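From a predicted model like this one, the values you see are computed outputs, not experimental measurements.
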Amino acid sequence: MSVKMQINGQEVQVQAPPASRLLDVLRVELGLKGAKEGCGEGECGACAVLVNGQVVNSCLIPLGQMDGAEIVTIEGVPGDSTLIQAFHDCAAAQCGICTPGMILAATALLAEHPQPTIDEIRWGLSGNLCRCTGYGRIYEAVTQASTGDTHG
Amino acid sequence: MIYPQRVDGLPKITGKALYVDDIPLNGVIHASTIRSSCAGGVVEELTFDPTFDWTPFVVVTAQDIPGLNAIKMLENDQPVLVDRVFRHAGEPLALLAHSDPCMLETALRHVHVRETPLAHPIFDIDEALGAESTIIPGNVYTDYLLNKGDVEQAQKNAECLIVERLLTPSQEQLYIEPQGMIAVLQEDGVLRIEGSMQCPYYVLDALEQCTGLDKNRLQVVQSTTGGAFGGKEDYPSMIACHAALLALKAGGLPVKLIYERGEDLRVTPKRHPSRSLVRLGANSEGELQFIDMDFAIDGGAYRTLSPVVLSRGVIHAPGPYRCANIRVRGRAVATNHPPFGAFRGFGAPQSIFALEVAMDRLAAKLNMDPAELRQKNLLHRGDVSPTGDLVGEDCFAQEILDEALRVSHYYERQDAFRVWNAAPHDTLRGIGLATFAHGAGFTGNGELYLASQVFLQAHADGQVEILCSNTEMGQGAATTLVQIAADALKLPLEQVHLAQTDTARVPNSGPTVASRTCMVVGDLIEKAAQRLLQKLRDEGGLAQTFTPAEFNAVCLRMQESGKDLLVSASYQPPVDMLWDEKSFTGRAYASYAWAAYIAEVEVDKLTLETRVLNFTAAQEIGHAVHPQIVQGQIEGGVVQGIGYALYENVLWNPFGVMANDRLTNYIIPTTADIGPLQIVLMEKGLGAGPKGAKGVGELPMDGPAPAIVNAIQQALKIDVAQIPAMPELLLDLSRAQRGSQCQ
Ligand code: FES
Ligand code: FES
């Protein structure tokens, strides 16, 4: 089937079976390799992207549901965004495989709670596994991005 | 900004870093592995359906192996591909590759394997030790004895004695990037392997042995690695050999062999399960009279790294305590599980768990506070260590415990919890601790055998490259090593770069394991930097103090006059580092980091679910080269330790393979489980690394499990002798306790 989407602000048309996973469409068809496959079953969040502002695991989304959707991947987040800078300042990425998904989950979190409490951060990121950091530097980065407070 | 930003930060955060699955390839073919299904036995027949068209496939079996059919490790016992006899379920039998992953899946259904299973597979440590049927003679890969003083004699005089049997389960590393490799036979005849790994030279050696190719026809390159924690120490050699064998038959097409999560969980090595029988004796003052431990780990079906995991476990078993009589017998046992391997801590978390939980039992029996029992027995300068070595200036066991007690408000919390528990709340609270030390670097003479080497290469434009085989896998090595070099060269950070880990360019500076990179390799880089400066002074007239511009000018001049700008440094053992592997005596590690961890937990009375309320991790680490990276390492390790203590439970199917092979049923901590942790760093600057640094990577894995279990015991007033302390276990224990009280 043919599906029309907005990806990172650009109109994209994809020709693929409706059951194709959005993750494969992004990575293989469109070469957007920032979304990673950590589990392939919706548990780790490494493949997270924003669909119409909501954070979703792209490994679980069939292309068939994406007609007309607005999608943001890590490639669509400006490199100088406060969130990316904060993750960099706080050394919140270690191996980095979870980070693109974390950034998108944090983007959705901050859209909803511009000044999140630590509990809101914990809740907002609970769909994204990180095995390296123990989450401490990530909490700090999200807090820094929300307050602009840079004592790193 | 206080600390330099991570050199690998931005590419990762912006999604631009290329992990093995992201590398663009032309004409790639995808590979798959055909495996045994029984827990050991004989492959009677491996049939490729003759009615199926195999021409577009690349097929590899044991018969196609040009070199030796064994993975190069401590012993050549593990086949690259099973020929006939095999020891565990999930062993590789054959390999298939095709450009279309769907075709590959179809083809797999046309391969038929007929196996005669082993009559009595063994999955339990004690069963293996007593079994008549054997996997190897006696079912013991390695048998070590650390023996100091006279335990038998001391036992007669001990006034207080406890005996405990403690169990720890396997644990999965669960790096978020599954394992994978790409292999291609290039036009120049070089077989190039690129992938996710910790130890490129292990992979290179394994490829040489299995392909029979000369090392100059082999090239191993590390791609950005999405976590490892030990899990990518030995198994990448297996995957690389498989991809390479396919590539040799693929007519120049790149072969991509990436495991999906389930396969990764089922077949790659995990933490060794352990069983410890511990006897401790003390006098009525609480002074340890003897430590006696029978420590056994499940090595699985092949030897792989078990002997070295075992030796670290044995050396760490007596803890940071002064005790004249110590006996630790350690055995790595053969079973029909897939081989167990390296995971952060490498045997130490298992034996430290056993000792530290036993210490709390001893305290209870002595009617003494657990902290006080430890205060009485911690090593001090001038004491003799468990391995018979004199404890020198670099000993901070006491200081770090005092600090941990202070910042955690240990005694106040204890009182508060007593009050809480007496009141009608839905939960019970407890506080527990563990004191321990972790040796950094290879055990004993390991560094000597490794003979690591690093190069520094300056270029005409004044840029300096570090050439070493140590890998960045998230732990921050790239930043830390650049920082050490830049610091020693007195150059800005931007002028120093860590070269990509490519065996065609970098010398062998040893594997990236054992918390050795910053301490041992960092030290070599510092030495090489001094040599480079000396060379530029002697041969290029560089002044004693210089600006980067002057440095650059000297490099340019030397290059133009045909002088080389390369220096190297090789490992030289410290003069006082004597270790006797046979008797387990002497100096086991170049440096120990000292730690005291304190856990506060709350257990729901109804569900028996445990929540960590607060966690204090205090450690003396010599010197923090990059405090923010150190903090991240410790937080990450502590959280893995919390998972080990409370949630992570590898379950086995009847064939001895991980049954909960998905992220839906193998549970690791999420943000919802983990609040902020209190990390305390003490830096006394006496370690063997740059500015007195010590390795810190593994240390944080040792303490959480015993501290948490000790806290749960305080809360529930029951004895917990195994992890993970899941509600089901605590329920059984509470019932049993109530049952025994009624009798
Ligand atoms: S890969 Fe999609 S959630 Fe893990
Ligand atoms: S940084 Fe490695 S998994 Fe999060």
Side-chain angles (χ1 to χ4, degrees), chain A residues 27 31-46 73-75 77-79 81 83-85 87-103 118-119 121-141 150-152, chain B residues 1-3 5-6 8-19 21-22 24 173-178 224-229 260-262 472-476 479 626 628-629 631-640 642 662-664 668-677 679 700:
Chain A
R27 288 179 54 88
L32 298 169
K33 303 279 179 93
K36 312 293 180 188
E37 176 158 356
C39 68
E41 55 178 11
E43 285 292 326
C44 72
T73 71
I74 189 67
E75 289 85 355
V77 180
S81 81
L83 207 46
I84 284 181
Q85 281 311 316
F87 265 63
H88 195 28
D89 287 348
C90 298
Q94 290 188 16
C95 84
I97 195 92
C98 72
T99 315
M102 281 289 178
I103 293 276
I118 180 75
D119 281 336
I121 297 176
R122 288 173 57 189
W123 186 243
L125 301 182
S126 63
N128 293 67
L129 294 177
C130 174
R131 189 56 154 171
C132 296
T133 62
Y135 306 109
R137 304 303 85 219
I138 294 174
Y139 299 155
E140 190 173 290
T150 55
H151 50 239
Chain B
M1 179 69 37
I2 308 168
Y3 319 117
Q5 289 173 316
R6 286 179 67 117
D8 55 344
L10 275 183
K12 287 175 172 176
I13 300 168
T14 54
K16 295 199 181 79
L18 295 180
Y19 299 80
D21 198 22
D22 306 334
Q173 293 88 356
L174 220 118
Y175 32 75
I176 303 294
E177 177 207 32
T224 309
T225 296
F229 317 112
E260 55 89 26
R261 177 61 64 186
E472 170 63 61
M473 49 196 180
Q475 85 282 39
T479 309
H626 190 302
Q628 193 184 37
I629 287 178
Q631 169 116 5
Q633 275 291 289
I634 292 171
E635 287 169 339
V638 166
V639 170
Q640 287 177 354
I642 293 175
R662 311 171 60 179
L663 290 190
T664 42
I668 65 166
T670 70
T671 52
D673 306 309
I674 302 297
L677 312 166
I679 309 294

request  = Would you please name every residue forming a ring pair (Phe, Tyr, Trp, His ring centres under 6.0 Å) with B:His626, sequence neighbours left out?
outcome  = B:Tyr3
note = CD1 (B:Ile629) and CZ (A:Arg137) are apart, to the nearest 0.5 Å, by 11.5 Å
ask   = Can you say whether B:Asp8 sits under 4.5 Å from chain A via the side chain, the backbone, both, or neither, judging by heavy atoms?
value = side chain
message = With a 4.5 angstrom heavy-atom cut-off, is it the side chain or the backbone of B:Thr14 that approaches chain A, or both, or neither?
response = both
ask   = Side chain, backbone, both or neither: which part of B:Ala17 has a heavy atom under 4.5 Å from chain A?
value = backbone
ask   = Taking atom NZ of B:Lys12 and atom CD1 of A:Ile74, what is their separation to the nearest 0.5 Å?
value = 14.5 Å
Distance in Å, B:Glu635 CD paired with A:Gln94 CD, rounded so as to fall on 0.5 Å steps = 8.5 Å
message = Between A:Lys33 and B:Asp21, does any side-chain N to carboxylate O distance fall below 4.0 Å?
response = no
request  = Heavy-atom distances under 4.5 Å only: say whether B:Pro178 touches chain A with side chain, backbone, both or neither.
outcome  = side chain
request  = Give, for atom CD of B:Gln5 and atom CD of A:Gln85, the distance between the pair rounded to the nearest 0.5 Å.
outcome  = 6.5 Å
ask   = Distance from B:Thr671 atom OG1 to A:Ile121 atom CD1, nearest 0.5 Å?
value = 10.0 Å
key: Heavy-atom contact with chain A under 4.5 Å, split by part of B:Gln173   = backbone
key: NZ on A:Lys36 to CG on B:Asp22, rounded to 0.5 Å   = 3.5 Å
inquiry  = Please rank B:Thr225, B:Ile642, B:Ile679, B:Leu174 by heavy-atom pairs under 4.5 Å with chain A and give me the top one.
reply    = B:Leu174
key: All side-chain contact (heavy atoms from CB on, under 4.5 Å) counterparts of A:Cys98, not counting sequence neighbours   = A:Met102, A:Cys130
